[in-house]
Structure formats: C-alpha cells, structure tokens
Amino acid sequence: MCGIVGYVGSRSALDVVMAGLKRLEYRGYDSAGVAVPADGGLAAAKKAGKLLNLEKELTERPLPAGTTGIGHTRWATHGAPTDDNAHPHLDNAGRVAVVHNGIIENFAVLRAELAERGHELLSETDTEVVAHLLAEEFSVTADLAEAMRLVCRRLEGAFTLVAVHADEPGVVVGARRNSPLVVGVGEGEAFLASDVAAFIAHTRSAIELGQDQVVELRRDGVTVTGFDGSVADVRSYHVDWDAAAAEKGGHDYFMLKEIAEQPKAVADTLLGRVDASGALTLDEVRIPAAELREVDKVVIVACGTAFHAGLIAKYAVEHWARIPCEVEPASEFRYRDPILGSRSLVIAVSQSGETMDTLMALRHAREQGSKVLAICNTNGSTIPRESDAVLYTHAGPEVAVASTKAFLTQLVACYLVALYLAQVRGAKWADEIRAVVRDLARMPGEVERVLETMEPVRELARSLAGKDTVLFLGRHVGHPVALEGALKLKELAYMHAEGFAAGELKHGPIALVEEDLPVVVVVPSPRGRSVLHDKIVSNIQEIRARGARTIVIAEEGDETVAPYADHLVRVPVTPVLLQPLVATVPLQVFACELATARGNEVDQPRNLAKSVTVE
Ligand code: AGP
C-alpha cells in the first residue's frame with residue numbers, strides 16, 4: 001500500500017528516488033521521505049502530505065549529493081499522516097534509515113523491549129522499531145545485510161523493508177515477506193521498488209524476490225539470500241511495459257487514458273489464447289486437463305471491482321461449464337470456514353496481485369488442498385507466484401486507483417477460464433466454443449463504439465454534480481454491473497451510490513425512491529431471457545411512477561424501454577453473458593465525469609490506495 005524506491009549506482013540517488021516515488025504515488029500519498037548516506041553520515045528529509053511537500057522541503061533544505069538512497073510514499077496504517085510518522089525512520093544515532101510497506105504485527109512487544117534497552121522511539125509507527133533493531137544488530141555484525149536477516153527473523157506480519165547505513169554508503173538492503181518488492185538491474189547500478197514502474201525508465205531487466213528473502217544491492221551486483229543466510233537462486237524477467245505506458249498519453253487523468261485503452265486491453269488479453277482450429281489454448285493454466293475434469297466446485301475470491309468481475313464470471317462458469325460456482329469477498333472467505341477439497345478450484349482475481357485479503361484467501365484454499373488459479377495483471381507479483389497456475393490479463397499498467405481496463409480484462413480472462421473448463425470437460429462442443437470465441441473477438445470493436453458515443457453521458461454526469469445519491473439497478477449479469485457502477489461513483493465522486501438486483505427493489509429499497517432521484521438501470525437484452533427484460537421494464541415503470549429520473553442503459557434496437565427512459569444510453573448488441581463488457585463503460589465515464597465536475601482528484605481519490613496490501 002506504500003511506495004518504496006531504493007537506488008545504488010553512479011547517478012544522483014535523490015533524482016532517481018524522487019522520480020521513482022512520483023511513479024508510485026498512486027500507492028499511497030499521506031506522506032513521503034528520502035534518506036541518503038553522505039559525508040560519513042546519513043541525511044534524511046520527510047514531510048506529511050503529497051510528494052510535492054517533500055519536493056518543496058528539499059528545495060528549501062537540500063540534502064548532500066549521494067549515489068545511494070532510499071525513498072517512501074506512505075498510505076497510513078499505524079499512526080496519523082504526520083512528519084514524525086513519515087518514513088524513513090532512523091535510529092537514535094541517525095546512522096541507519098529504513099522504509100517499510102506492510103504491518104509488523106509484533107511491533108508493540110518489540111517497542112517495549114527497545115524502550116527497556118534505552119532506545120527513544122519518536123513516532124507512533126510500527127516501522128520505527130526496525131530502525132532501532134537494525135542499529136543494534138549492525139553494531140555487532142558491521143554488515144547491513146546480515147543485520148537485516150537477523151531482524152527479519154524476529155518480525156511477525158507482512159513487510160517490505162529497505163534500509164541504508166552510514167557506514168556502508170554503497171549498499172542498499174531490502175527484505176520481503178507477504179509484501180511486494182522487485183529488483184531492477186542496470187549497468188553499474190541497481191534499483192529496488194514496490195512496482196517496476198519506478199525504474200523502467202532506467203532498466204527493464206528485473207528480478208522477482210521470493211518469500212522471506214533479503215537482497216543486497218551494490219554497484220557491481222545483487223545478492224539474494226533467505227532470512228537464514230542461504231543463497232537463493234533468482235528468476236530474472238524482462239519488463240515489457242515501457243515508460244511511456246505509464247504516462248497519461250495526453251489525457252487529463254490516468255483514469256481517462258485507461259478507459260480509452262480498454263479496446264486494446266481486451267484485444268491484448270485475447271491474444272494467443274486460441275489455436276488455429278479455434279480451440280482455447282491457455283498454456284499458463286498449468287493445471288492438467290485431467291484434474292480440471294475432476295473439479296466439482298469453483299470458488300472465486302477477490303475484492304472490490306475484482307469481486308464484481310467474479311460475480312459475472314459465476315454466470316459464465318455455471319452456464320458454459322455446468323460447474324457450481326461460488327463467489328466470495330476475499331476478506332470474508334476464510335472466516336466462514338468454507339468447504340474446500342482437492343476437487344475445488346479456487347480462482348483468485350486481482351489486478352495488483354498484492355491484495356492481502358485475496359492473498360490470505362488463496363493461502364487458506366491451498367492449505368485445504370485446493371488448486372488455485374490466479375487471474376492477475378501484474379507479472380511477478382505475489383498472488384500469481386503463490387498460485388498453482390495463472391492467467392495474466394494484459395491491460396498494461398493501471399495507475400488510476402479506480403479500476404477500469406483491469407476490470408474489463410478480468411471479465412475476458414474469466415470468460416476464457418469458463419470456456420476452457422467447458423472445453424476440457426466436454427460441456428460445450430468445439431463449434432459452440434468457437435462461436436463464443438468469435439463473439440469475444442468482436443468485443444474490442446464494440447467497446448470502441450461505446451467510447452465514441454459518450455458525450456451525452458458526460459453532459460448528464462455534469463448535470464447531476466449537485467446530487468447526493470444515485471441508485472443502480474440490474475438483473476442477471478447486469479446486477480454486478482450495477483454494483484460496479486455504484487462503486488465507481490462512491491470511490492470517485494464521494495457520493496452515496498448503491499447497486500441493487502432490480503427484483504429486490506420492492507423488498508425495501510424502493511422506499512428510497514423520491515422525486516428526481518437519479519436511478520441507473522442496466523437492461524438485459526430482450527433476446528436473452530425475455531422474461532427478465534419484461535420484468536426490468538416493469539421495475540423502471542415502478543420507480544418512474546414514484547418520481548425517479550431514469551437513466552437507462554439498453555442495447556441498440558430495444559425500443560420497449562424508450563418511453564420510460566428520461567435518459568437512454570445505447571450499447572451495442574452482444575451475447576447475453578458478454579453485455580458487461582459494453583454496459584460497464586458508460587458507468588465508468590459517468591463516474592469519472594461527475595467526479596471531475598465536483599472538483600475531485602480523479603486518479604488518487606481520498607482515503608484510497610491502488611493496492612491494499614494489509615488486511
Ligand atoms: C476498484 O476501483 C478499486 N480500486 C478496488 O476495489 C480494487 O478493485 C480492489 O482493491 C482489488 O484490487 P486488486 O484487483 O488489485 O486485488
């Protein structure tokens with residue numbers, strides 16, 4: 001949830017670290033800080049608030065030049081976002097500095113022990129205990145990497161730690177457990193970061209770190225060991241995102257760029273997944289077909305928008321593969337004592353691959369003997385590394401906190417998995433699968449068509465900027481779309497927004513309907529279950545009779561709904577199960593435009609972070 005950068009090489013460490021933190025600010029922006037070994041000592045600066053505040057501080061009070069350094073941008077967990085609680089944290093002698101992402105669960109005990117040994121702790125954070133422990137161990141080992149190994153063995157919880165010591169000015173040491181950390185390797189320089197976006201401007205050669213590992217960076221190389229000191233073998237990989245991909249591409253916000261990238265993201269996620277005969281070939285799903293044929297239950301675990309993708313996937317898995325499918329918020333999953341076994345296939349959906357709730361859910365599933373398949377957008381992240389198999393989405397970097405293109409690619413990946421299950425189990429004939437694959441291949445173009453007709457939606461959004469409530473209704477796969485539309489409006493416009501199954505309206509929520517209340521209704525295709533279409537038309541009439549302002553999302557040619565729509569948003573005709581790929585887009589644009597009209601920060605909404613790496 002925080003952004004971390006470390007550097008050792010021949011450039012200005014401060015320049016590299018600050019540029020890297022700017023690329024990671026979406027991970028949290030409550031405070032920021034840097035530390036640089038220089039002139040035999042350690043220089044540090046840290047400020048509450050956004051990175052801009054730290055930049056001003058460094059302009060007014062520059063740090064000494066150095067070619068080694070670390071930096072941090074924070075999303076507060078322990079301790080308010082203040083200067084004292086900002087990272088990096090130092091020991092009392094000011095000889096070691098450390099930055100941290102995660103939660104050290106036994107920090108209270110460690111804090112009390114340190115105080116008894118005469119250490120003065122100046123902040124409310126869990127992180128600060130590490131600075132003092134490193135100082136103690138370094139006074140014995142005179143080796144920062146060894147000191148880090150000894151300290152990590154005493155910590156409980158999830159952590160990424162990166163530290164420097166005044167006595168080793170050419171060394172940066174990092175460690176990780178249940179929290180992201182990647183290594184960038186350049187010519188005579190090396191980088192550490194929470195996310196490759198921080199260093200891909202300098203190198204695309206990366207090393208992924210495994211669980212409970214310590215990495216030591218020097219100009220002339222990188223050494224990786226376990227917490228026990230054993231030398232670890234490392235896997236290098238090439239980062240195929242280029243620096244430009246992480247820029248805004250001419251849009252005002254990353255979110256607008258990412259909404260616009262959805263046709264390409266959907267197309268890229270489909271690439272290479274069908275062979276010449278039209279059969280699905282999901283190579284990275286390294287679970288043998290024979291095992292997939294034995295699966296008797298699918299359980300999807302995810303959070304937020306990814307959870308909504310799972311809700312839609314349920315319809316596809318049950319309709320195409322004829323396997324029972326449960327969908328559960330990852331944060332609830334392991335506490336309900338789920339019934340799992342070797343024939344359960346658990347699918348963990350995550351854009352970042354670092355969401356702690358989802359990671360802990362998949363761990364629980366594996367402990368129960370279930371196979372876990374990850375659907376993830378971030379190569380080398382923890383969730384795919386800890387799964388039995390992975391199907392990567394290819395949305396490219398999603399920087400805006402509000403997830404858009406990742407969501408559409410999660411839907412595509414879920415459709416592919418459901419179809420693949422149907423294929424290996426013979427639940428669908430090859431020609432039926434080819435027909436769905438052909439429909440999917442049309443979707444990038446259909447999404448593009450929706451994007452070209454969004455101006456009326458933007459005008460509508462601006463006209464509703466003064467409202468304080470919007471309801472969203474849907475049936476069948478339109479119900480999770482309604483939930484997703486409500487979530488987008490909540491997290492961007494800070495408005496009360498709620499999604500309902502339209503059939504639930506008369507069981508209570510219709511009491512909310514009053515004069516001029518905006519209600520968005522996602523209408524299912526009349527070509528599918530026509531009874532569903534008729535029922536939702538009745539729902540629209542019910543709310544209109546009570547004064548609601550109806551905003552209707554309906555497919556082209558559906559004239560039945562027109563008389564009851566105060567605002568009619570057309571989407572292309574698609575197969576019933578694929579409609580979310582086109583029906584979600586107007587809701588993303590609506591929320592983004594309304595938030596902009598209200599003057600909100602779109603890419604980094606208040607209280608939120610892009611990746612929630614604590615439970
Ligand atoms: C959605 O717009 C939010 N950013 C949030 O709900 C997000 O989808 C959720 O935190 C899951 O993140 P993940 O996909 O990285 O696991």
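By convention here, the first residue in the shown sequence is residue 1. Every number for a ligand or one of its atoms is a count from 1 in the order of the listing. Not measured: the values here are computed from a predicted model.
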Query raised in the report: Do side-chain atoms of R462 reach the backbone of A597 as a donor and acceptor pair under 3.5 angstrom?
Result: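 Not confirmed, R462 side chain does not pair with A597 backbone.
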Tell me: protein heavy atom nearest [atom], and distance?
atom: atom 16 (O) of ligand 1; answer: T355 OG1, 2.5 Å
atom: atom 8 (O) of ligand 1; answer: T305 N, 3.2 Å
atom: atom 10 (O) of ligand 1; answer: V612 CG2, 4.3 Å
atom: atom 9 (C) of ligand 1; answer: C303 O, 3.6 Å

Which ligand 1 atoms are under 4.0 Å away from a heavy-atom of [X]?
X: Q351; result: 13 (P), 14 (O), 15 (O), 16 (O)
X: K488; result: 1 (C), 2 (O)
X: A402; result: 2 (O)
X: G304; result: 6 (O)

**Report entry** Basic-acidic side-chain contact under 4.0 Å: R336, E332
**Finding:**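 No.
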Requested in this report: Could you list the residues that satisfy side-chain contact (heavy atoms from CB on, under 4.5 Å) with R606, not counting sequence neighbours?
Outcome: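 With neighbours one apart ignored, the set is Y494.
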Query raised in the report: Who passes side-chain contact (heavy atoms from CB on, under 4.5 Å) against H567, sequence neighbours left out?
Result: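 H567: side-chain contact (heavy atoms from CB on, under 4.5 Å) contacts with L460, R549, I551.
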Query raised in the report: Hey, would you say the F407 and H308 ring centroids sit under 6.0 Å apart?
Result: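 Here the rings of H308 and F407 have centres that are no less than 6.0 Å from each other.
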Query - Donor on one side chain, acceptor on other, T125 and N85, under 3.5 Å - result: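 Result is no, nothing qualifies.
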Query raised in the report: Is it true that the side chains of E484 and T305 contain a donor and an acceptor less than 3.5 Å apart?
Result: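 A pair is found: one side chain offers a donor N or O, the other an acceptor, under 3.5 Å apart.
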**Report entry** Polar atom proximity, V401 to ligand 1 (N or O, under 3.5 Å)
**Finding:**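 Yes, V401 has an N/O under 3.5 Å of an N/O on ligand 1.
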Query raised in the report: How does E491 reach ligand 1, if at all, at less than 4.0 Å between non-hydrogen atoms: by side chain, backbone, both, or neither?
Result: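 It is the side chain that touches ligand 1; the backbone stays farther off.
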